[in-house]
Amino acid sequence: MENILTNDILEERKGSIFCNSQFKNNLKCDSHSVAGSVSQRACVYCGARVVLNPITDAFHLVHGPIGCASYTWDIRGSLTSGSDTYRNSFSTDLREENVIFGGEKKLGAAIDEIVQRFSPKLIFVYATCIVGVIGDDIEAVCKNAEKKYSIRVIPVQSSGFAGNKSMGYKAACRALLKLMGEPKSEKLQGVNFLGDFNLAGEIWIITKYLKQVGIGIVTKVTGDSTYKEIMNAPKASLNIVQCAGSMTFLAEEMEKRYGIPYIKVSFFGIQDTRISLMNIANMIENKETSDRVKKLVFVEELKIRAKLSQYRERLHGKRAAIYVGGGFKAISLIKQFAELGIKTVMVGTQTGRKDEYEVIRSLASSDTVILDDTNPAELEKFIKEKGADILVGGVKERPLAYKLGIAFCDHNHERKHPLCGFEGAVNFAKEIDSTINSPVWNFV
Amino acid sequence: MLDLTPREYSKRSALTVNPAKTCQPVGAMYAALGIHKCLPHSHGSQGCCAYHRKFLTRNFRDPVMASTSSFTEGASVFGGGTNLKTAIKNVFSIYNPDIIAIHTTCLSETIGDDIPAFVATAQVPEGKLVIHANTPSYQGSHVTGFSNMVKAMVKYLAANSKTPNEKINILPGFVNPGDMREIKRIMKAFGQEYIMLPDTSGVLDAPMTGKYEMYPKGGTTVDEIIDSGNSMATVALGSFASSEAAYELEKKCKVPGKVLKTPIGIKATDDLLMAISKLTGKPIPAELEEERGQVVDIMVDCHYHYHGKKVAIFGDPDLVIALTEFTLSLGMIPKYVLTGTPGDAFEREVKFMLEEAGIDGKVKALGDLFALHQWIKQEPVDLIMGTTYGKYIARAEDIPFARIGFPILDRSVHSYLPIVGYKGAMRIIEMISNTLLDRQDRDAADEDLELIL
C-alpha cells in the first residue's frame, strides 16, 4: 500500500490521498487545485448555474463571452412539469469592443430585449470571469432594470476564478435568498426540499413519498420549481437538504433569517431513503406521520425485494470505484454498493468537506483509497491497482473507465433514469448490472 | 419546447438566444489534441478547461486530456505567470508530454498575460516544447480558436531546412477524425506522401485495447510539423479553419499554399483531387474515379427523393459553405444558411452561390438558433441539417433533421464515419434521402404506404 501512495503522485497532491487505515484525520480538501494538474473540477459560475438553472420559468442570462452560456446550455437534464424557459440559452455574447469599453450597456440592452419579447417575471444575470475583471457593475444594471420593469432581475456574482464550484453554490444560494426576501408572517404546513434538481424526474419520486405520508412540499429548491414557489419558501416549517454540498449554506441562512430548522437527508439507496423518511417524520413530531412512513417503507421495500436480490446475486463480490462531486453522494453510494454486495475500493469527491470524509472513512474498508480533487492519472492508477470493476462518476470519467476496460455508471448530470428512492435503488442496481455484466467486456 | 420563439422577426442588438457557436479555446484544445504526445493547456480558470474537456468528451466519447493554470483571484489580479510556470513544471513532471500547447482564455487575455515571456522563464526540460496561441473567447468562435492553434504550430515549429521532402501539407480544418482518415486514404491512393496538420485520428477515435493511453498512437508528430516547412505545397481545406496556417507556412517557409473548400460533395472533392493531381503531376487514381462514378450513380438513383426540397443548414462556416454547394448540386433549395461564427466572407460566399442558383434564401453569419427558428416559423423547410442543438427546432416545428457538424452530443459513431470525399458524399446523400423517406413513411396514409420508393 505504501508504494501505491508514493509512486507517480505529485508532491503537492500527496496530502489529498490516503489509504483508509493510514488516514491521519488531516486529508487536504476544500482547497485550491494544483496548477498544471488535470483537475476534474469546474468553476464558480458552473456551480451557480447548475443550482439555479432548474427554476423552470426563470430567464438565465449569462453576461460574458459565448462559451460560458454554450457549455451550460441545458446542462442538467432537469425535467419540468410546467414552463421550459430555463432550457433556452441567453447570453450577451460579449465581443472585443465590449471588453474594452465595458459591457454594462450591452447587458442593459439584452435585458430590455428579453423584457420586450418574452414578458419575464424573473431574470438571473450571471457574472462570468471577464465581467469580474472589466468591473461591470451588474448589481446596478439589475437594480435599474427591476425599477424600470417592476420585475425581479437578480445578479449572481459568479466570476469563475473566485474559488471553485462550491463558491458558485454559495453565489446561487445568495441569489435565492435575495429572491425569497424578508421573513413572512404567514406559515404553511410542509417542508422545503433543498438540493434536488429533478434529474430524470427524481424530485417527483420523493414528493410522491412525502405526499403519501401526509407531508406537503412548500418549495422545491430548485428542481422543477417556479418563481412563485421560491417566494413561498420562507413560509415552510422545515428544510430537508439532499445535496448538502450546494444547499447547506442556504439551509443555515434560512434558519437564521426565517427560523426554519433543517435536517440533512439522502434518498440514494434503500437504507438512506428509509432513514431520511423516518428523520423527517421525527422532526414533524407527529405519531401518525411516523406510522405512515413505517408502512410506506415496508410496502415499498417489499415491492423491490425480489428484484434487488436477483441483482445482488449477479453483482456480489464486485469492486467499485467512486468519484463524484459531493461528499454526501459518495457516502450514499458506498452504502448502496454494500447493499448489493459490492465493495468500494476507491472513493473520492470534487468538493467534499472534512466531516464528510470522516463519515466516508467510517464506512469504507481499511484498504480503501480515499482522495480529494483527483485527476485522470490518479484515477487510472488506483482503479488499476485496486482492481475496480466499475467506476461511478460524471461525463469526463466515462470514457476513461471504458478505455481502462471497466464498467461505468453516470451518477451526475447525464443520468437518464431516476436513481433515488426505492424505485431508484432498483434502477441503480439494474444500471450497474447492465454495465458490469455487459458481454462487451468479453471482447476487450 | 421552444414555445417562446415568436414568428415575427425583429432585430436584436445585444441578446443572443440559443447560440450556434462556442468560444475559441475549445477549438484550440481540439487542434492541439491532433499533435502526437501533446497535452493541451488552458491558461485561465478551472471551469473553462473542465467545460472544454466535457464538450469534446461528449462529442467524441473518448477521453480528452488537458491541464489548467487553475486561476484564482490572486492570479487574476497579479497575473497568471506564477501559475503558468508551476503548471509547466508539474505537467512535464507528472504527465510527461513531448509538447504542451497553451491556449489563453478570455480571463488571461483581458488581464494581459504575456505567455511567451512566462514560458521563457519556465523550466522546460531538454528536448521538450511549449507552444501557445492567443484565443480570447470574445473574438471569433471555436473555429477561430482552431485556426489560431494550427497557425501557432506552424509559427513555433515549422522550419525550412532547405531539404525538400516532396510531401504535401494537408490542413484538414475543423473536421472529425473519421474525415481526416478519409483524406489520408485519398492521399495514399495517389501514392503521395503528405503531412497532415493537425491529425486527431488515432487520438479521438483510438481503438479499444483494454489499456488506457494518455497519449494514444495518433496525431501529427513534432518532427512532421517541423518538416512541413520543407514540403512542396500546402493544401488548406476550409478557409475559416485552415487558411491562416497556410499563409503562415508560405510566409515563414516559402511553401506555396492553396485554399480549397472542405471537400464535402462532388465538386469540392473534385477540386481537391484536381489540385493534388496538378501539384504532383500524378493522375487521379482509378479507385477514386470509380468512387466518383458510384456517387453519381447514387445521385441518379436518389435525385427524386430530395429534388426541390427546402433545407435549412447551420453550423461551422467551412462545413456550411461546402454543404450549401453540395445540396445545391443535389437540386435542393438551401433556404436558410446560418453560422454562429462572425465573418462577412461567409455571407458573401453563400449569397453568391444562392444568387447563381436563383434561390431566394436567407444567409447570416454571427447568427443564433433563435433567428433560424424564427425564419423557419415564417416559412418552413423540409429538412434541417446541423448540430445536435437543432433538434429542439426540429421537434418544435416537426421537421426532419439530419445531424451533421460539431457538436453532436446525442448520437454516437458519427465521428468515425467521414462526410468528406466521395465516401462522405455517399453518406450525406444516404442521410438526406433516408431522413426524408422516414418522414414520408411516417406521414403516409395507410393506402399510400409503399414497399418500394
Side-chain angles (χ1 to χ4, degrees), chain A residues 8 10 32-46 64-67 69-71 73 84-85 87-96 98-99 106-107 109-110 113-114 117-118 129-130 132-134 160-164 376-377 380 395-396 398-400 402-405 444, chain B residues 1-4 6 12-19 21-23 25-26 44-51 53-55 57-58 61-63 65-73 75-76 83-84 86-91 93-95 105-107 110-111 136-139 141 208 210 212 214:
Chain A
D8 320 322
L10 269 180
H32 294 314
S33 298
V34 179
S37 99
V38 182
S39 170
Q40 308 291 83
R41 273 179 174 173
C43 62
V44 180
Y45 161 70
C46 178
I66 200 68
S70 277
Y71 304 120
W73 180 2
D84 47 26
T85 300
R87 299 190 65 179
N88 289 281
S89 170
F90 300 94
S91 168
T92 50
D93 186 9
L94 288 185
R95 312 306 295 169
E96 196 170 15
N98 310 126
V99 175
K106 195 170 191 186
L107 175 60
E113 290 179 355
I114 289 182
R117 272 164 195 77
F118 310 115
C129 276
I130 200 161
V133 172
I134 63 177
F161 55 80
N164 60 32
E380 180 197 0
V395 58
K396 292 188 297 291
R398 179 192 292 271
L400 182 70
Y402 289 165
K403 284 285 187 241
L404 289 167
V444 176
Chain B
M1 173 123 197
L2 297 191
D3 305 340
L4 281 177
R12 282 170 286 135
S13 64
L15 180 68
T16 296
V17 189
N18 300 344
K21 63 169 173 183
T22 185
C23 65
V26 78
S45 320
Q46 273 179 344
C48 300
C49 189
Y51 282 140
R53 290 178 57 215
K54 190 171 71 185
F55 208 60
T57 300
R58 282 183 172 143
R61 304 197 179 195
D62 253 2
M65 291 304 138
S67 51
T68 161
S69 293
S70 300
F71 269 39
T72 55
E73 263 164 333
S76 46
N83 284 49
L84 187 61
T86 312
I88 289 173
K89 188 173 123 259
N90 283 341
V91 165
S93 73
I94 188 152
Y95 302 114
T105 62
C106 54
L107 176 59
T110 309
I111 62 173
S137 320
Y138 42 77
Q139 281 174 0
S141 75
M208 175 75 193
Y212 169 66
M214 178 118 180

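Because only heavy atoms are used, hydrogens play no part in the values below, and waters and symmetry mates are left out as well, while side chains stay in.
- Taking Phe55(B) as the reference, Tyr71(A), Phe406(B) meet the ring pair (Phe, Tyr, Trp, His ring centres under 6.0 Å) condition, with sequence neighbours excluded.
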Can Tyr138(B) and Asn98(A) be said to form a side chain to side chain contact (heavy atoms under 4.5 Å, CB included), step by step? CA-CA 9 Å; Tyr138(B) 42 77; Asn98(A) 310 126; over 6 Å; no

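- Between Phe90(A) and Thr16(B) the shortest side-chain heavy-atom distance does not fall below 4.5 Å.
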With side chain to side chain contact (heavy atoms under 4.5 Å, CB included) as the criterion, how do Cys43(A) and Tyr51(B) come out once you've worked through the C-alpha distance, each side chain's angles and the decisive distance to 0.1 Å? CA-CA 9 Å; Cys43(A) 62; Tyr51(B) 282 140; 4.2 Å; yes

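- By the 4.5 Å heavy-atom criterion applied to side chains, Pro19(B) and Ser89(A) are counted as neighbours.
- With a 4.5 Å cut-off on non-hydrogen atoms, Pro136(B) does not touch chain A at all.
- Proximity to chain B (any heavy atom under 4.5 Å) is shown, for Ile114(A), by both the backbone and the side chain.
- The closest donor-acceptor contact from the side chain of Ser70(A) to the backbone of Lys21(B) lies under 3.5 Å.
- Nearest heavy atoms, Ala110(A) versus Ala14(B): N-CB, 3.5 Å.
- Interface residue Thr57(B): only side-chain heavy atoms are found under 4.5 Å from chain A.
- Of all heavy-atom pairs spanning Met208(B) and Val444(A), the tightest one is CE-CG1, 3.6 Å.
- Comparing Leu107(A), Val99(A), Val133(A), Ile134(A) by heavy-atom pairs within less than 4.5 Å of chain B, the highest count is held by Val99(A).
- For the set Leu84(B), Ile88(B), Asp62(B), Ile111(B), the entry with the most heavy-atom pairs within less than 4.5 Å of chain A is Asp62(B).
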Run the numbers on Thr92(A) and Leu15(B) for side chain to side chain contact (heavy atoms under 4.5 Å, CB included), then give the verdict. CA-CA 5 Å; Thr92(A) 50; Leu15(B) 180 68; over 6 Å; no

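- Looking at heavy atoms from C-beta onward, Leu4(B) lies in side-chain contact with Thr85(A) at the 4.5 angstrom threshold.
- Both the backbone and the side chain of Ser13(B) come within contact range of chain A, each with at least one heavy atom under 4.5 Å from a heavy atom of that chain.
- By the 4.5 Å heavy-atom criterion applied to side chains, Arg61(B) and Pro399(A) are not counted as neighbours.
- Contact of the Ile130(A) side chain with the Leu107(B) side chain is not registered, since no non-hydrogen atoms from C-beta on lie closer than 4.5 Å.
- With a 4.5 angstrom heavy-atom cutoff, Phe118(A) touches chain B only via side-chain atoms.
- Pairing each heavy atom of Leu400(A) with each of Met65(B), the nearest pair is CD1-CE, 4.5 Å.
- Looking at residues two or more places apart in sequence or on another chain, you find a side chain to side chain donor-acceptor pair (under 3.5 Å) between Tyr402(A) and Arg398(A).
- Of the listed residues (Thr110(B), Asn83(B), Thr105(B)), the greatest number of heavy-atom pairs within a distance under 4.5 Å of chain A belongs to Thr110(B).
- Of the two parts of Glu96(A), the backbone and the side chain both hold a non-hydrogen atom closer than 4.5 Å to a non-hydrogen atom of chain B.
- Contact detail for Cys23(B) and Gly67(A): the closest heavy-atom pair is SG-CA, 3.6 Å.
- For chain B, the option among Lys106(A), Arg95(A), Arg117(A), Glu380(A) with the highest count of heavy-atom pairs below 4.5 Å is Arg95(A).
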